[in-house]
Peer 1: 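Structure incoming, see below.
As a basis for the values below, the full set of heavy atoms in this structure was taken, side chains included, without hydrogen atoms, waters or symmetry mates. Below, read A as the first sequence line, B as the second, and so on, with proteins coming before strands; counting in each chain starts at 1.
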Amino acid sequence: MKYDFRTIEPKWQERWERAGAFRAEDHSSKPKYYTLVEFPYPSGAGMHVGHIKAYSGLEVVSRKRRMQGYNVLFPIGFDAFGLPTENYAIKTGIHPREVTDRNIKKFTSQLRRVGFSFDWSRVVDTTQEDYYRWTQWIFLKMFEKGLVFRDTALVNYCPSCKVVLSNEDSQGGHCDICKSEIVQKSKTVWYLRITAYADRLLQGLDEVDYLPNIRQQQVNWIGKSTGAYVNFPLRGCDESLRIYTTRCDTLFGVTFMVIAPEHPILDKYRDRIVNTADMDAYREECAKKTEFERTQLAKQKTGVRIEGLTAVNPVSGKEIPIYISDYVMMGYGTGAIMAVPAHDERDYAFAKKFGIDILEVIKGGDISKEAYTGDGEMVNSGFLNGLTNKKDSIARMLAYLEEKGIGEAGVQYKMKDWAFNRQRYWGEPIPIVHCPHCGMVPVPYEELPLRLPQISNFEPGEGGESPLAKIESFVHCKCPRCGGDARRETDTMPQWAGSSWYYLRYVDPHNTACLADPEKLKYWMPVDWYNGGMEHVTRHMIYSRFWHKFLYDIGAVPCAEPYAKRTAQGLILGPDGEKMSKSKGNVVDPNDVVDEYGADVLRTYVLFMGDYASAAPWNESSMKGCKRFLERVADLWELVRPDGGSPKLETAFHKTVKKVSLDIEELKFNTAIAAMMTLLNEICEVGSLTPEQFSVLVRLLCPFAPHLCEELWETAGGEGLCSLAPWPEWDESKTVDSTVEVAVQINGKLRATVELPLNCAREEAIALAKADARIAPQLQGKTIVKEISVPNKIVNLVVR
RNA sequence: GCGGGCGUGGCGAAAUUGGCAGACGCGUAAGAUUUAGGAUCUUAUGUUUAUACGUGCAGGUUCAAGUCCUGUCGCCCGUACCA
């Protein structure tokens, strides 16, 4: 058969669509399987081949599952709210709705051309009113349950995007979207109390099957630490300074305290402080520093001693000085620390610089040179002296603190509450009304969706307020509670909102009564296998796990975890080995590849190019190997004969079916394809194959190159669609030949290989090995000290 | 610093519990075919003269190490003054 992909591919795409071949059934007696890929953000640039690789993995799994008789839900949609579209609108004046629709159209056509087996009847678009209605509904439910709060805080602000960012979106002190430097700004911010779920998000990881590195990243992100809160009395005040520490056993070694420059105690006891001028100067200096400067210029310690205010070490009774320094953060713990310079590197550096006492409480190091952070015997520590086990000394100290009422055990998380608002137009409006009498009042559920008003000027205000603030008709409203004049909240939700629950909407995308029908959720949830990029493993996944757990708590979903299994694919790099980006001009457009090579070659190549989880550079000439492979398969029909094949080829088929079946489950697509290539080589060597063998190969290859395989299936008179034909099975007993090649070593060095019957007995194998024409001469005059035989693998003769 | 991962031909990479290192593909070379080019097919292809040597480097365990152990160098990803 001539491999005419330009005719074949549109033909089968049309037939699949007409037959509804990949529609998931809501009511089915078949077992269900829900495969999920991360839905794309429809950017103006269109898709690149990285998207294709990201979807091809579970595409193969989904197709295999269908052939195995599962009712498969493999949906796609668009995460379409977001800044790039809005920035484009500002630049061009074209409404984001229009831009979004255009981009979605482009993405859809690209995806269709690749022949992905998505259920196109379930597409969701987060920017559609019937979708964001339910995003707002979830928000209001959280508001109702006290998980939404507002606070004035120093926030990460991007001066270029004019928008407040969460900690997650401003890592390394740079805006996640435009890469410009973040500044700290005091703003009123909406928060979601994700920290209330920190422990459950951590524990939930035990119930799911995530790749170990993915799990670890989430654990680190949540960042749970166990320790103690300790109160240090302030001399001459009724109040104590509260700190958090993981090493309360070193309490006797505390020689000073450090508090964050923003710590409220500084204002409260301002009249007692002698050197307010120095203090204010330092605080101002810190406020000006960006988060970036504060962490990068870190290693050099700066600070100011607060004169007139001292604390008392609650276990030793010694009076100790208090400093302010920006190495202590207001956002972690209590914003104050007890400093143990002898056993903490940062405290040590600070103490050296300011000439503060360093008191050893753990033996083992040389504290005249550096801080000792290892374990050892406790000294200078009263009742702890002599203890050598860290656990014991911590337990003893904790017991003491609790007994005396000085402190208590506690935990801390690195994870912070989720800053949940953006001063932007293209997002879900936050459905809250500010009433001068009633305060914050939720928009009634029956008024959802709270629609985005039509506007034409998308510029944010100079003060960084949302473009919505300029729309009088939107802002002015009546309070839903008292009916008086009120103002609408004008901030919108961050982009992460819509993607936090989209997998639920796929289950029932057109429901108008609830976010998804409970019965359908019960059938489809949880997602059996979720694949996506490593960059979404912390933010997106933790956010959506949090939303899901909340929905579980209010009875809206039937399971505690949304994703039963999670894997991640590696990037496709440009041909130059660099990350693909528009600015580097190394982006490969899937449309170009489909034009020149066809969708099946593209699909096969992105999976063949290397380990699925690793990054690999695009290499066009390497893709030609996949093209040749498919062309040779297309020609195979010529070799089909009822009496074709050979016993050896039959074994090769069983081996290959097994290998491909198992490799797909482990995302080892590269070796699965290699195995089929090897099989093809063997068929060509034999020169013929049976019709049944042909059918097996076509079905085996179908998830990878479905268009070609449908065509071959039809040519061979197969029944129905190849895509829905039964997955080939293998017979374990037929995966092995009757004879095996066994390596013969002398002193561990390969000297010959011998053909032995399968499962040849040890004695016989050794005897046959010794008798081999190449081995026997080498044993002349030598003594055999040891004979090792591993069945079907190796014989090793140790001689002297 | 901490957490995770990786280091194998000219290139992308394979290699169950330790058991023939380099499967499969690219590239390269020679030949066939072709008016020519391209495409296709056949053969060869880790280094080396047989012997020997080869999985970042140095040791170790073992009959046997890419795989296990100790030390060391380098790279990538994530995170970062987390008390």
Peer 1: Look at the side chain of A:Ser225 and decide which nucleotide, out of B:rG4, B:rC63, B:rA83, has an atom nearest to it.
Peer 2: B:rA83
Peer 1: Just call it for A:Asp611: base, sugar-phosphate, or nothing, with non-hydrogen atoms closer than 4.0 Å on any strand.
Peer 2: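 If one applies the 4.0 Å heavy-atom cut-off, A:Asp611 turns out to touch the sugar-phosphate alone, with no base involved.
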Peer 1: Taking the side chain of A:Thr671 as heavy atoms from C-beta outward, which of B:rC63, B:rA15, B:rG4 is closest to it?
Peer 2: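 Closest of the options to the side chain of A:Thr671: B:rA15.
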Peer 1: With P as the reference atom in both, quote the distance from B:rA21 to B:rG5 in angstrom, rounded to an integer.
Peer 2: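 Comparing P positions in B:rA21 and B:rG5 gives a spacing of 28 Å.
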Peer 1: Which atom pairs, one a donor and one an acceptor, fall under 3.5 Å between side chains of residues 678-688 of chain A and the rest of the protein, sequence neighbours left out?
Peer 2:
residue	atom	partner	partner atom	Å
A:Thr678	OG1	A:Ala674	O	2.8
A:Asn681	OD1	A:Arg632	NH1	3.2
A:Asn681	OD1	A:Arg632	NH2	3.1
A:Ser688	OG	A:Gly645	N	3.0

Peer 1: Can you see if the side chain of A:Asn670 gets near the phosphate of B:rG12 - specifically, an N or O under 4.0 Å from OP1 or OP2?
Peer 2: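 It does not, given that no N or O in the side chain of A:Asn670 lies less than 4.0 Å from OP1 or OP2 of B:rG12.
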Peer 1: Looking only at the side chain of A:Met677 (C-beta and beyond, no hydrogens), which of the listed nucleotides B:rA23, B:rC24, B:rG19 gets closest?
Peer 2: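 Looking only at heavy atoms from C-beta outward on A:Met677, the closest nucleotide is B:rC24.
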Peer 1: At under 4.0 Å between heavy atoms, what does A:Glu345 touch on the DNA or RNA strands: base, sugar-phosphate, or nothing?
Peer 2: nothing
Peer 1: Is a donor from one side chain sitting under 3.5 angstrom from an acceptor on the other, for A:Ser622 and A:Asn619?
Peer 2: no
Peer 1: Using only heavy-atom distances, decide whether a donor-acceptor pair under 3.5 angstrom links the side-chain of A:Glu741 to the base of B:rC20.
Peer 2: yes
Peer 1: Under 4.0 angstrom, heavy atoms only, what part of the nucleic acid is A:Val798 near: base, sugar-phosphate, or nothing?
Peer 2: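 Answer is sugar-phosphate: A:Val798 comes under 4.0 Å of backbone atoms only.
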Peer 1: Detail all sub-3.5 Å separations between protein N/O atoms and N/O atoms belonging to nucleotides 40-48 of chain B.
Peer 2:
residue	atom	partner	partner atom	Å
B:rU40	OP1	A:Arg628	NE	3.0

Peer 1: I need the CZ-C1' distance between A:Arg346 and B:rC2, as an integer number of Å.
Peer 2: 12 Å
Peer 1: What is the distance from atom CZ of A:Phe354 to atom OG of A:Ser325, rounded to the nearest 0.5 Å?
Peer 2: 7.0 Å
Peer 1: Does B:rG9 adopt a syn or an anti glycosidic conformation, taking syn as a chi angle within 90° of 0?
Peer 2: syn
Peer 1: Would you name the heavy atoms of A:Lys579 and A:Asn586 that are closest together and state the gap between them?
Peer 2: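 Taking every non-hydrogen atom into account, O-ND2, 3.3 Å.
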Peer 1: Is there a donor on the side chain of A:Lys793 or the base of B:rC20 sitting less than 3.5 Å from an acceptor on the other?
Peer 2: no
Peer 1: When you measure from the side chain of A:Asn681, which nucleotide among B:rG4, B:rC81, B:rG25 comes out closest?
Peer 2: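 The nucleotide sitting nearest to the side chain is B:rG25.
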Peer 1: Can you check the distance between B:rU16 and B:rG1, where both ends of the measurement are the P atom (answer in whole Å)?
Peer 2: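 It comes out at 33 Å once rounded to the nearest Å.
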Peer 1: For atom P, what is the distance between B:rA50 and B:rU45, given to the nearest Å?
Peer 2: 13 Å
Peer 1: Side chains of A:Tyr612 and A:Thr567: is there a donor and an acceptor less than 3.5 Å apart?
Peer 2: no
Peer 1: Less than 6.0 angstrom separating the ring centers of A:Phe256 and A:Phe350, yes or no?
Peer 2: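 They qualify: ring centres under 6.0 Å apart.
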Peer 1: When the distance from CZ of A:Phe256 to P of B:rA83 is rounded to whole Å, what number comes out?
Peer 2: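 Checked: the CZ to P distance equals 16 Å.
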Peer 1: Scan A:Phe608 against the nucleic acid and name what it touches under 4.0 Å (heavy atoms): base, sugar-phosphate only, or nothing.
Peer 2: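 Base contact.
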Peer 1: For atom C1', what is the distance between B:rA15 and B:rC20, given to the nearest Å?
Peer 2: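 Here B:rA15 and B:rC20 have their C1' atoms 11 Å from each other.
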Peer 1: Could you tell me the separation between the CD atom of A:Gln412 and the P atom of B:rA83, rounded to a whole number of Å?
Peer 2: 9 Å
Peer 1: Which nucleotide in the set B:rG3, B:rA83, B:rC26 lies at the smallest distance from any side-chain heavy atom of A:Ser621?
Peer 2: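 In terms of side-chain proximity for A:Ser621, the closest of B:rG3, B:rA83, B:rC26 is B:rC26.
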Peer 1: If a pair means Watson-Crick or G-U wobble with both distances below 3.5 Å, what does RNA chain B look like in dot-bracket form, with | marking bases paired to a different strand?
Peer 2: (((((((..(((......[....)))((((((.......))))))((....))..(((((..]....))))))))))))....
Peer 1: Base, sugar-phosphate, or nothing for A:Lys668, non-hydrogen atoms under 4.0 angstrom?
Peer 2: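 Here A:Lys668 touches the backbone only, sparing every base.
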Peer 1: What interatomic distance, in whole Å, is found between C1' of B:rG18 and the corresponding atom of B:rA13?
Peer 2: 22 Å
Peer 1: Nearest to the side chain of A:Ala743, which nucleotide is it out of B:rA64, B:rC20, B:rG25?
Peer 2: B:rC20
Peer 1: Distance check, P atoms only: B:rU72 and B:rU62, in whole angstrom units.
Peer 2: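 Looking at atom P only, B:rU72 and B:rU62 are 24 Å apart.
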Peer 1: Do other residues, nucleotides or ligands put more than 12 heavy atoms under 6.0 Å from the NZ atom of A:Lys734?
Peer 2: no
Peer 1: Could you tell me if the side chain of A:His540 sits less than 4.5 Å from the side chain of A:Glu535, heavy atoms only?
Peer 2: no
Peer 1: By nearest atom, which of the nucleotides B:rA83, B:rG19, B:rC81 is closest to the A:Gln745 side chain?
Peer 2: B:rG19
Peer 1: Can you find a side chain N or O atom of A:Tyr332 that sits less than 4.0 Å from OP1 or OP2 on B:rA83?
Peer 2: yes
Peer 1: Expressed in whole Å, how much space separates the P atoms belonging to B:rA36 and B:rG54?
Peer 2: 48 Å
Peer 1: State the CD1-CZ distance between A:Ile52 and A:Arg603, to the nearest 0.5 angstrom.
Peer 2: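 Answer rounded to 0.5 Å: 9.5 Å.
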Peer 1: Looking at B:rG19, B:rG3, B:rG78, which one has an atom nearest to any side-chain atom of A:Gln217?
Peer 2: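 Between B:rG19, B:rG3, B:rG78, the one nearest the side chain of A:Gln217 would be B:rG78.
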Peer 1: Considering non-hydrogen atoms only, spot the tightest contact between A:Met338 and A:Phe232 and give its length.
Peer 2: CB-CZ, 3.6 Å
Peer 1: How far does the C1' atom of B:rG4 sit from the matching atom of B:rA52, given to the nearest Å?
Peer 2: 40 Å
Peer 1: Where each residue is assigned the nucleotide of RNA chain B containing its nearest heavy atom, which of A:Asn796 and A:Pro617 is assigned the position nearer the 5′ end?
Peer 2: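 On the 5' side of the pair lies A:Pro617.
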Peer 1: With A:Tyr229, which of A:Gln412, A:Arg242, A:Glu408 fulfils side-chain hydrogen bond (donor to acceptor under 3.5 Å, both in side chains)?
Peer 2: A:Gln412
Peer 1: Looking at OG1 of A:Thr753 and CD of A:Glu741, how far apart are the two atoms once the value is rounded to the nearest 0.5 Å?
Peer 2: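 If we round to the nearest 0.5 Å, A:Thr753:OG1 and A:Glu741:CD are 4.0 Å apart.
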Peer 1: Out of B:rA83, B:rG25, B:rG27, which has the shortest distance to the side chain of A:Thr245?
Peer 2: B:rA83
